[in-house]
K.L.:
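I'd like to ask you about the structure that follows.
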Number of protein chains: 2
Amino acid sequence: MTTLKDVANLANVSIATVSRVFSESSAVTSETRKKVINAAEILDYHPNALGRQLRNLETKTILIVVPDITNTFFSNVIRSIESIASDNGFQVFLADTKNRPENEERVIDHLRNKQVDGVILLTARTNVASLNKLSEDYPVVLACEYMEHSNIPSVSIDNISSARKVSNHFFQLGHKKVAHISGPMEVVLSRDRLRGYKQSVLENRQEINSLFIQEGDFSYESGYQLMEKLLALESPPSAVFAANDEMAIGAINAIKHYKLRVPEDISVAGFDDIKMSRIFAPPLTTISQPALEIGEKAMKLLLDIMGGEEVTKRHIVLNDQLIIRDSCKRF
Amino acid sequence: MTTLKDVANLANVSIATVSRVFSESSAVTSETRKKVINAAEILDYHPNALGRQLRNLETKTILIVVPDITNTFFSNVIRSIESIASDNGFQVFLADTKNRPENEERVIDHLRNKQVDGVILLTARTNVASLNKLSEDYPVVLACEYMEHSNIPSVSIDNISSARKVSNHFFQLGHKKVAHISGPMEVVLSRDRLRGYKQSVLENRQEINSLFIQEGDFSYESGYQLMEKLLALESPPSAVFAANDEMAIGAINAIKHYKLRVPEDISVAGFDDIKMSRIFAPPLTTISQPALEIGEKAMKLLLDIMGGEEVTKRHIVLNDQLIIRDSCKRF
DNA sequence: AAAGTGTTTGTAAACGTTTACAAACTATAA
DNA sequence: TTATAGTTTGTAAACGTTTACAAACACTTT
């Protein structure tokens, strides 16, 4: 490996000078610069990031923790984070937790290890206490997610009101029997969406039917299976609100499998507005989260925190939008 | 920040001892260990990875370079890489190049900077010469991809023969007018799949019709648009082979949009066997790449190279499989 | 020619680890 | 008791950078 020293020797200057050339930190005469560049070229020198980072006590790197790289919803969030990060001279690494809280813990250690300067979490299944502690000590921002009873900076939509909006849409279309396929109850998002659904049911003077509430895990398969269960009911729902698009698509396929039609026989709505929801037949009515804006705001928040600024507005709630497509019909 | 020194002071031992406790590198009496652990606990000490990595001149980290996180095909490859990596004590970071060669270059610098010990590239759009050079100096493995005229270790399927297989399938079903929506010509994969298609056309004693070859960019949108072009032909094809599933789905939707049916009016096949190809209606006939095995083999190859072993078998070609579903029909 | 000013360079000390080597223990054997 | 061997600990030097400070140099100005 060639180091500053090697280049310095060949160029006949001190390592300080070579360092100055590469870090562009202070003036070097164009003559010496040329000598240095030349020597570096010959030796194929590349600055060692570890040395630099150790000395500077910063990595200029952030980590995005994704619950599931398979879920395309996160892609846009990630890309807008990356774009802002790169504008500000930060590298971005991604880590996939595969929906496992223990992986989340493990990955967060990169922060304590000083391998990255900050973290944006797109998932927060770890317990509140330890995440709170982490956030006191290190720059952490939650995006899409948030934590109850916690002061961890977050950027998200109001999932309760969005879910209510979807469910109300069904009632406005004249449906009375509206079911909900929820996400896993250990994540706040799922609980919020369920809460919004329940609020809407009560607002519309219907009873909450526990048979109409099925807990899935955000996967296509769970959407499919739980829809089968709903279809098997003596009095099946005429409308189904799934807590994400992938489950909604699973539900639709289950309905199709039983030779029923969407939306003619059963209406279905999803959540997230992933690309597939536009492409699928029928195109899915769903909630569109402002993914780009979430990513942007989250990264800016993180930059502020890493910059040591006192952040006053710690929770940013953005507007979502109900996208009406063809998967729901008047009852 | 608390360091070895702080812990050493509080525990009344030398920093060497503290280091030994945390690196588990040599024996420490249980009594001193207890003192150290205790002090570390009090001070909330976490070893600084940069210091460690600099000293050891290795990071125990690899980087996976993905062309497009949006493309779910890569997910399984990534996950099997991660699994093998973690079994061997390696961390994994992901970087997304958004299909931009310049991002590829930038990301590869992490290797030269010594931020990671090795790289697995799921994309190789950089020029051969510079990639060859890189691979001489650092541990690099190509997965799914490969480079012509190059000795860079790679794990992939034989895209030419797979494409031929798909196309032959159409001819066996009695089709005569088989079109191809290719990927971008700057990537080898696309060129190979096109080559396989052409070979199949000739084998089946048909003429190569340049109107039947349309160059896309692997996106849904390009599949849709190019299918529109094919439909507009005076004599449109009766079967279309798209170079990946996303374009195939785009093509199907274009066909549907013109009130034609798949497969009754036009047969369509894809490539990659992403999850959506099973879920979509009609389920897609496609080539299934052994994603898990590719990831596994690629990571093992990388481990060998990083371990300094002389790798003799540098190119691993795995078997794919033609998955016949409902999107193709006898002509 | 001397003094003053501004620019460029070099020296050396850090950043937080690990580890070769030496020193200091402890336990056993003669 | 002393010698020997084995274990545990400490000292100090590295790993590749950056940067405060000092030194050296090149100009002006007097």
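Below, read A as the first sequence line, B as the second, and so on, with proteins coming before strands; counting in each chain starts at 1. Fair warning: this is a prediction, and the values are worked out from it, not measured in the lab.
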K.L.:
Could you tell me whether a side-chain N or O of A:Asp117 sits under 3.5 Å from a main-chain N or O of A:Lys60, the two making a donor and an acceptor?
P.N.:
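Side chain of A:Asp117 to backbone of A:Lys60: a pair is present.
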K.L.:
Near DNA chain C, which residues from residues 47-56 of chain A have a heavy atom under 4.0 Å away?
P.N.:
A:Leu54, A:Arg55
K.L.:
Are the side chain of A:Thr72 and the backbone of B:Thr70 linked by a donor-acceptor contact shorter than 3.5 Å?
P.N.:
no
K.L.:
Would you please say whether a donor-acceptor pair under 3.5 Å links the side chains of B:Thr17 and B:Ser14?
P.N.:
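B:Thr17 vs B:Ser14: donor-acceptor pair found between side chains.
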K.L.:
Between residues 26-36 of chain A and DNA chain C, which residues have a heavy-atom gap below 4.0 Å?
P.N.:
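By residue number: A:Ala27, A:Val28, A:Thr29, A:Thr32.
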K.L.:
In plain terms, say whether B:Asp96 and A:Arg79 are close enough for a salt bridge, that is, a side-chain N and a carboxylate O under 4.0 Å apart.
P.N.:
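Counted as a salt bridge, because a side-chain N and a carboxylate O are separated by less than 4.0 Å.
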K.L.:
So what does B:Ser19 hit on the nucleic acid, given a heavy-atom distance under 4.0 Å: a base, only sugar-phosphate, or nothing?
P.N.:
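Base contact.
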K.L.:
Return yes if a side-chain donor-acceptor contact under 3.5 Å exists between B:Asp44 and B:His46, otherwise no.
P.N.:
yes
K.L.:
Mind running salt bridge (Lys or Arg N to Asp or Glu O under 4.0 Å) on B:Arg112 and B:Asp109 for me, showing each step along the way?
P.N.:
CA-CA 5 Å; B:Arg112 293 191 256 257; B:Asp109 268 332; 2.9 Å; yes
K.L.:
Where does the chain B footprint on DNA chain C start and end, counting 5' to 3' with a 4.0 Å heavy-atom cut-off?
P.N.:
C:dG16 to C:dT19
K.L.:
Take A:Ala16 and A:Met1, find for each the nucleotide of DNA chain D with the closest heavy atom, and name the residue whose nucleotide sits nearer the 5' end.
P.N.:
A:Met1
K.L.:
Salt bridge or not between B:Lys114 and B:Glu58? Use side-chain N to carboxylate O under 4.0 Å.
P.N.:
no
K.L.:
Is a side-chain donor-acceptor pair under 3.5 Å present for B:Gln115 with B:Thr59?
P.N.:
no
K.L.:
Classify the angle between the aromatic ring planes of B:Phe93 and A:Phe93 as parallel (below 30°), tilted (30 to 60°) or perpendicular (above 60°).
P.N.:
parallel
K.L.:
A:Thr29 and A:Thr32: side-chain donor and acceptor closer than 3.5 Å?
P.N.:
yes
